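Remember, it's a predicted structure, so these values are computed and weren't measured experimentally. Side-chain atoms are counted along with the backbone in the values below, which use heavy atoms only and exclude waters and symmetry mates.
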Amino acid sequence: MKQISILGCGWLGLPLAKKLIEKGNSVKGSTTSENKLPILKNSGINPFLVTLESESVSESINEFLAESEILIIDIPPKLRGNNPDTEKKVFVEKITHLIPFIEKSTIKKVLFVSSTSVYGNENDFINEETIPNPETESGKQLLLTENILLENKNFQTSILRFGGLIGEDRHPVKHLSGKENVEHPDAPVNLIHQKDCIGIIKKIINQAKWNEVFNAVAPFHPTRAEYYTQKAKEHNLALPKFSSEKSSIKKVITSEKIENVLDYQFNLENY
């Protein structure tokens with residue numbers, strides 16, 4: 001049994017916590033909403049109200065980290081790019097303020113949930129050896145945060161870069177349904193299902209694969225036009241209409257390292 005703290009019990013963190021508890025682990029989970037505290041508690045999670053700011057961290061952070069060996073950081077940058085001057089390095093600063101609390105806690109391993117957005121939009125076949133080249137503010141801050149965590153010698157860090165997140169209650173086709181002039185029809189999809197996200201995290205923990213960087217994208221890359229047209233039909237939604245005016249980005253992200261190092265098999269039936 002392991003004592004694990006999950007910073008961010010949202011769309012992924014909450015079901016992840018439940019699965020870890022099912023396997024006999026003890027889990028502390030954080031939320032920024034008081035209304036969610038009972039939900040976490042009823043799921044068997046030891047709940048904490050934790051808020052990270054650019055210049056401060058909630059007082060509850062010490063108790064949240066106490067006695068845990070593993071910390072999973074699963075909080076999105078939440079940057080929209082509308083005001084890059086004020087948003088610059090906000091997420092990086094939040095994690096930077098968190099690090100001293102990690103250093104003086106019992107945490108020895110950190111798993112940071114990142115994104116394949118650190119690679120930018122390039123026509124390429126991308127693996128973990130590819131040099132990141134983020135174009136969005138979110139991608140830039142995620143990459144800076146990755147490096148800050150990896151360089152810290154007080155704990156071991158593994159980075160998990162997820163592709164586009166999908167699940168039973170979350171699918172991009174719902175946002176694309178009925179839209180016109182959708183770009184990049186010939187671009188391959190790079191997606192990861194919630195169930196595979198959880199399965200991969202469990203493998204990293206169980207096999208103690210630390211000081212690693214993993215891309216997590218299903219080995220399933222039909223074009224956007226093929227995939228979202230088919231999904232719209234399956235969900236009885238209005239078909240998106242794609243535009244070929246601009247050339248599509250041919251970016252394929254491989255997860256061969258996850259398949260080989262972790263011996264993980266993706267369940268393609270979920271896609």
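Between Ile249 and Glu122, the closest heavy-atom pair is CG2-O, 3.7 Å. Listed here is the closest heavy atom pair of His97 and Val57: O-CG2, 3.8 Å. Heavy-atom minimum distance, Leu71 versus Phe64: CD1-CE2, 4.0 Å. In terms of heavy atoms, Glu135 sits closest to Asn121 at OE2-N, 3.2 Å. Heavy-atom minimum distance, Val118 versus Glu146: CG1-OE2, 3.8 Å. Considering all non-hydrogen atoms of both residues, His221 and Ile253 come closest at CE1-O, 3.4 Å.
At a cut-off of 3.5 Å, with distance as the only test, a side-chain donor of Glu103 or Asn152 sits close to an acceptor on the other residue. Between the side chains of Gln141 and Glu137, a donor-acceptor pair is found at a separation under 3.5 Å. Judged purely by distance below 3.5 Å, without hydrogens or angles, the side chains of Ser26 and Gln3 pair a donor atom with an acceptor atom.
The aromatic rings of His235 and His171 are tilted relative to each other, their planes meeting at an angle between 30° and 60°. Relative ring orientation between Phe220 and Tyr227 is described as perpendicular, the plane-to-plane angle rising above 60° on a 0-90° scale split at 30° and 60°.
Between the Lys250 side chain and the Asp186 main chain, no donor and acceptor come within less than 3.5 Å of each other. Under a 3.5 Å cut-off, the side chain of Gln194 and the backbone N or O of Trp11 do form a donor-acceptor pair. Counting only distance, with no hydrogens or angles, the side chain of Lys203 and the backbone of Lys209 share no donor-acceptor pair below 3.5 Å. In this structure, Ser58 contributes its side chain and Thr51 its backbone to a donor-acceptor pair below 3.5 Å. Checked by atom type and distance alone, the side chain of Asn206 pairs as donor or acceptor with a backbone atom of Lys202 at under 3.5 Å. Under a 3.5 Å cut-off, the side chain of Ser243 and the backbone N or O of Val182 do not form any donor-acceptor pair. Put simply, the side chain of Thr106 gets close to the backbone of Glu67: a donor and an acceptor are under 3.5 Å apart. Looking at Lys231, its side chain does come within 3.5 Å of a backbone N or O of Tyr271 through a donor-acceptor pair. For the pair Thr130 (side chain) and Asn127 (backbone), a donor-acceptor distance under 3.5 Å is present.
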Using the rule given for side-chain contact (heavy atoms from CB on, under 4.5 Å), can you reason through Leu7 versus Leu52, listing the C-alpha separation, both sets of side-chain angles and the distance that settles it, and then say yes or no?
CA-CA 10 Å; Leu7 185 65; Leu52 298 186; 3.9 Å; yes
Take Leu143 and Arg161 through the test side-chain contact (heavy atoms from CB on, under 4.5 Å) and record every step on the way to the result.
CA-CA 10 Å; Leu143 183 60; Arg161 294 170 177 163; 4.1 Å; yes
Go through Glu234 and Gln230 one step at a time and tell me if the side chain to side chain donor-acceptor pair (under 3.5 Å) criterion holds.
CA-CA 6 Å; Glu234 289 178 11; Gln230 179 61 34; 3.2 Å; yes
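Transitive grouping of hydrophobic side chains (ILVMFWY, heavy atoms separated by less than 4.5 Å) brings Ile159 and Ile95 into a common cluster. Taking hydrophobic clusters as Ile, Leu, Val, Met, Phe, Trp and Tyr residues chained together by side-chain heavy-atom distances below 4.5 Å, Leu262 shares a cluster with Leu12. Linking Ile, Leu, Val, Met, Phe, Trp and Tyr whenever their side-chain heavy atoms come within less than 4.5 Å puts Ile61 and Ile75 in one cluster. Hydrophobic clustering, with ILVMFWY side chains joined whenever heavy atoms are under 4.5 angstrom apart, keeps Val110 apart from Val113. In the hydrophobic clustering of ILVMFWY residues, with side-chain heavy atoms under 4.5 Å counting as a link, Leu65 and Ile6 come out apart.
Salt bridge status for Glu183 with Arg224: absent, with no side-chain N to carboxylate O gap under 4.0 Å. A salt bridge between Glu180 and Lys241 is present, with a side-chain N of the basic residue lying under 4.0 Å from a carboxylate O of the acidic one.
Side-chain contact between Phe91 and Thr96 is absent, with no heavy-atom pair separated by less than 4.5 Å. Side chains of Asn190 and Thr116 form no contact here, defined as non-hydrogen atoms less than 4.5 Å apart. In this structure, the side chains of Asn62 and Lys104 come closer than 4.5 Å at one or more pairs of heavy atoms. Proximity of Leu20 to Ile205: side-chain heavy atoms (C-beta onward) are separated by under 4.5 Å at one or more points. Leu239 places none of its side-chain heavy atoms less than 4.5 Å from the side chain of Tyr228. With contacts defined as side-chain heavy-atom distances shorter than 4.5 Å, the pair Leu14/Ile45 qualifies. Side-chain atoms of Pro172 and Ile166, non-hydrogen and from C-beta on, do get closer than 4.5 Å to each other. Looking at Pro219 and Ser255, their side chains never come closer than 4.5 Å, going by heavy atoms from C-beta outward.
The CD1 atom of Ile107 sits 5.0 Å away from the OG atom of Ser5 when rounded to the nearest 0.5 Å. Here Ile201 contributes atom CD1 and Cys197 contributes atom SG; the two are 6.5 Å apart, rounded to the nearest 0.5 Å. Between the CD1 atom of Ile4 and the NZ atom of Lys109 there is a distance of 12.5 Å, given to the nearest 0.5 Å. A distance of 10.5 Å separates CG of Leu165 from NE2 of His193, quoted to the nearest 0.5 Å. Rounded to the nearest 0.5 angstrom, Ile126 CD1 and Asn215 CG are separated by 8.0 Å. Distance check, rounded to the nearest 0.5 Å: OG of Ser158 to CG of Asn211 gives 6.5 Å.
In this structure, Lys257 forms a cation-pi arrangement with Phe214, its terminal cationic atom sitting closer than 6.0 Å to the ring centre and no more than 45° off the ring axis.
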Sequence neighbours excluded and cut-off under 3.5 Å, please list the side-chain donor-acceptor pairs for residues 35-44, or say none.
{"from": "Lys36", "atom 1": "NZ", "to": "Cys9", "atom 2": "O", "distance (Å)": "2.5"}
{"from": "Asn42", "atom 1": "ND2", "to": "Pro38", "atom 2": "O", "distance (Å)": "3.1"}
{"from": "Ser43", "atom 1": "OG", "to": "Ile39", "atom 2": "O", "distance (Å)": "3.0"}

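Every ring-ring contact (aromatic ring centres under 6.0 Å, His included) that Phe266 has, sequence neighbours left out, goes to Tyr264. Taking the ring-ring contact (aromatic ring centres under 6.0 Å, His included) definition, one finds that Tyr119 meets it with nothing, sequence neighbours left out.
Annotation for Glu63: atom CD does not count as buried by contact number, only 12 or fewer foreign heavy atoms lying within 6.0 Å.
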